[in-house]
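In what follows, a structure is listed as structure tokens, so that the remarks can point back to it.
Both ligands and their constituent atoms are indexed starting at 1 by order of listing.
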Amino acid sequence: MNMMQHLQVPNRDVEYVFSILKKNNLLAEGKLIYPSIDRKFRLIPLSENIPNIPKELSKYEVIYAKYKVDNRIDTNWLTHLSLLINIDDFEKFQQLWPSSHEFVGDMMIIKLDKTILQFSSQIAKAKLMAHQNLRLILSDQGVMGELRIRELMPIAVRHKNTIITENIPNELCNTKVTVKESGLEIICDPKKAYFSTKLQTERQETLSFAKELRDMLGRKINVCDPFCGVGPAISSLLNQQDLVNNLLSSDLNPEAVQLLFENLTKWDKKPYPSEAVDVEWVYPNRLVGTGDVVKLVTNTEYLGRWDMILINLPHRTLELLPLIIPLLDTSSASLIRGRIVVEEKDIDTTNKIIQEILPKCIHNKPKPKLTIKRDYSSKLRLCSFEAWLE
Ligand SMILES: C[S@@+](CC[C@H](N)C(=O)[O-])C[C@H]1O[C@@H](n2cnc3c(N)ncnc32)[C@H](O)[C@@H]1O
């Protein structure tokens, strides 16, 4: 009959009762807390065969009632949220509660629909309650400007076992964290420089392409990453012995370069400057620093020497592609790995444009073609491509 024991609790006591039941492992798993018909109570599903209701809860009635199965993702945080806000609002905005999030170190980044901004504090509090190891919740207002930095607003922080959602002190909002990816540590600060954990698969693909190119050339490769951010794409390349010979890693954003240097100090196992410097040979095989790619390509010393170029500035790829071609070492096979944002209807035309811009492709490799990686907006798609060049 789909019935089970529920504790019938007046709305105002729900949060308190829930925490006691949770502490004593008395909550039924995968079942929903829901309002009574008169909406004066919440019915909290109890685990089967409970020995005894804790004394402090004995004043509440245990009733048999239909149980409701909880099919939602990440139910734990929604349960907390349902206890922090009015049940009518909870149900009204059911479809809008954020269903995805990004973990960056001990921070969580979430995107909130405008309609539910009024519940930011409660959402963030519920997230912190559900994920005990999290420290900071940031609301993501999108990637901005030339440097592609995310506009992030702290909406809750955990400090000494309390959750603060109002007037959060600045000193508790540190966003510089270390992220683990494929066993490697990447230092990043999403408030100061672009970084996305979602590109992990992309980076693994880049690694396998780099190995393929190395095997094709029969030697270590020279890698150029002129939009490197904090350097995540090269972390796993540098971790491979016998893969990278010379490296150019640069970015327009000096804050990104400062973090890049911290990362390189670890990945390359040798010291890099503690502050960002303009692009220079910091070591005989390391050309690194702050630089605009447009200026970089005017230095003839840097041209014609790279086997693999990464171009990750998806809104400007078509514009910048012709500019970076002279960086390629054309004496042997080379590879350009890029990302681009285009409308789905324009993919075929863009493929043709890319093929026209680029030099001749290696005959036994497919011509560069965009692969859709994910939706960027309702019309735009984020795509990637590889061009194997003669
Ligand atoms: C989408 S982010 C990619 C960063 C990095 N490759 C990653 O995967 O995390 C693009 C980067 O290009 C940098 N950038 C923007 N315009 C540039 C320019 N003209 N020259 C060099 N870097 C630029 C931005 O600062 C940003 O870090």
Side-chain angles (χ1 to χ4, degrees), residues 102 104-105 109 140 142-152 175-179 181-182 184-207 209-210 223-238 247-264 267 276-280 287-299 302 306 308-327 336-342 373-374 376 380-385:
E102 185 177 352
V104 183
I109 298 177
D140 184 355
V143 171
M144 306 283 173
E146 221 179 1
L147 304 183
R148 315 308 295 151
I149 301 175
R150 276 198 261 190
E151 186 90 9
L152 295 171
T175 45
K176 182 176 168 186
V177 292
T178 301
V179 171
E181 188 174 293
S182 314
L184 294 168
E185 291 189 342
I186 303 171
I187 301 168
C188 65
D189 185 340
K191 260 193 132 172
K192 293 193 170 157
Y194 178 92
F195 178 78
S196 172
T197 56
K198 292 184 185 152
L199 295 184
Q200 184 168 2
T201 320
E202 196 74 12
R203 296 193 259 272
Q204 285 314 300
E205 284 175 15
T206 301
L207 173 63
F209 288 130
V223 178
C224 173
D225 187 5
F227 311 94
C228 69
V230 303
I234 50 164
S235 62
S236 45
L237 304 190
L238 287 176
L247 172 72
L248 187 165
S249 261
S250 59
D251 196 284
L252 186 61
N253 178 1
E255 307 244 41
V257 171
Q258 190 167 342
L259 292 159
L260 167 79
F261 285 176
E262 266 191 72
N263 281 321
L264 282 175
W267 303 335
V277 296
D278 287 349
V279 176
E280 63 178 36
L287 180 58
V288 292
T290 311
D292 184 338
V293 79
V294 178
K295 197 167 156 231
L296 199 77
V297 295
T298 61
N299 189 332
Y302 304 157
W306 310 100
M308 174 161 135
I309 301 182
L310 307 177
I311 170 161
N312 185 4
L313 188 57
H315 290 91
R316 294 184 62 196
T317 300
L318 283 190
E319 170 202 345
L320 295 173
L321 202 50
L323 223 66
I324 60 150
I325 291 170
L327 290 162
I336 296 182
R337 169 121 165 105
R339 288 163 69 72
I340 183 165
V341 170
V342 286
K373 289 299 170 89
R374 63 182 163 87
Y376 191 82
L380 294 172
R381 305 288 168 260
L382 186 57
C383 305
S384 60
F385 66 91

Does a side chain donor of either Q204 or S182 reach within less than 3.5 Å of an acceptor in the other side chain?
yes
Residues which pass salt bridge (charged side-chain N to carboxylate O under 4.0 Å, His left out) with E280, listed by chain and number, not counting sequence neighbours:
none
Approximate separation, where rounding is to 0.5 Å, of K373 NZ and S384 OG
3.0 Å
Suppose we screen for salt bridge (charged side-chain N to carboxylate O under 4.0 Å, His left out). Which residues come up paired with E262, at least two apart in sequence or across chains?
K176
Can you run down the side chain to side chain donor-acceptor pair (under 3.5 Å) pairs that involve residues 187-196, sequence neighbours left out, and say none if there aren't any?
T175-D189
Answer yes or no: does atom NZ of K198 have more than 12 heavy-atom neighbours from other residues, nucleotides or ligands under 6.0 Å?
yes
Table of N or O contacts for ligand 1, cutoff 3.5 Å:
residue	atom	partner	partner atom	Å
ligand 1	6 (N)	F227	O	2.7
ligand 1	8 (O)	N312	ND2	3.0
ligand 1	19 (N)	D292	OD1	2.9
ligand 1	20 (N)	V293	N	2.9
ligand 1	22 (N)	L252	N	3.2
ligand 1	25 (O)	D251	OD1	2.6
ligand 1	27 (O)	D251	OD1	3.4
ligand 1	27 (O)	D251	OD2	2.7

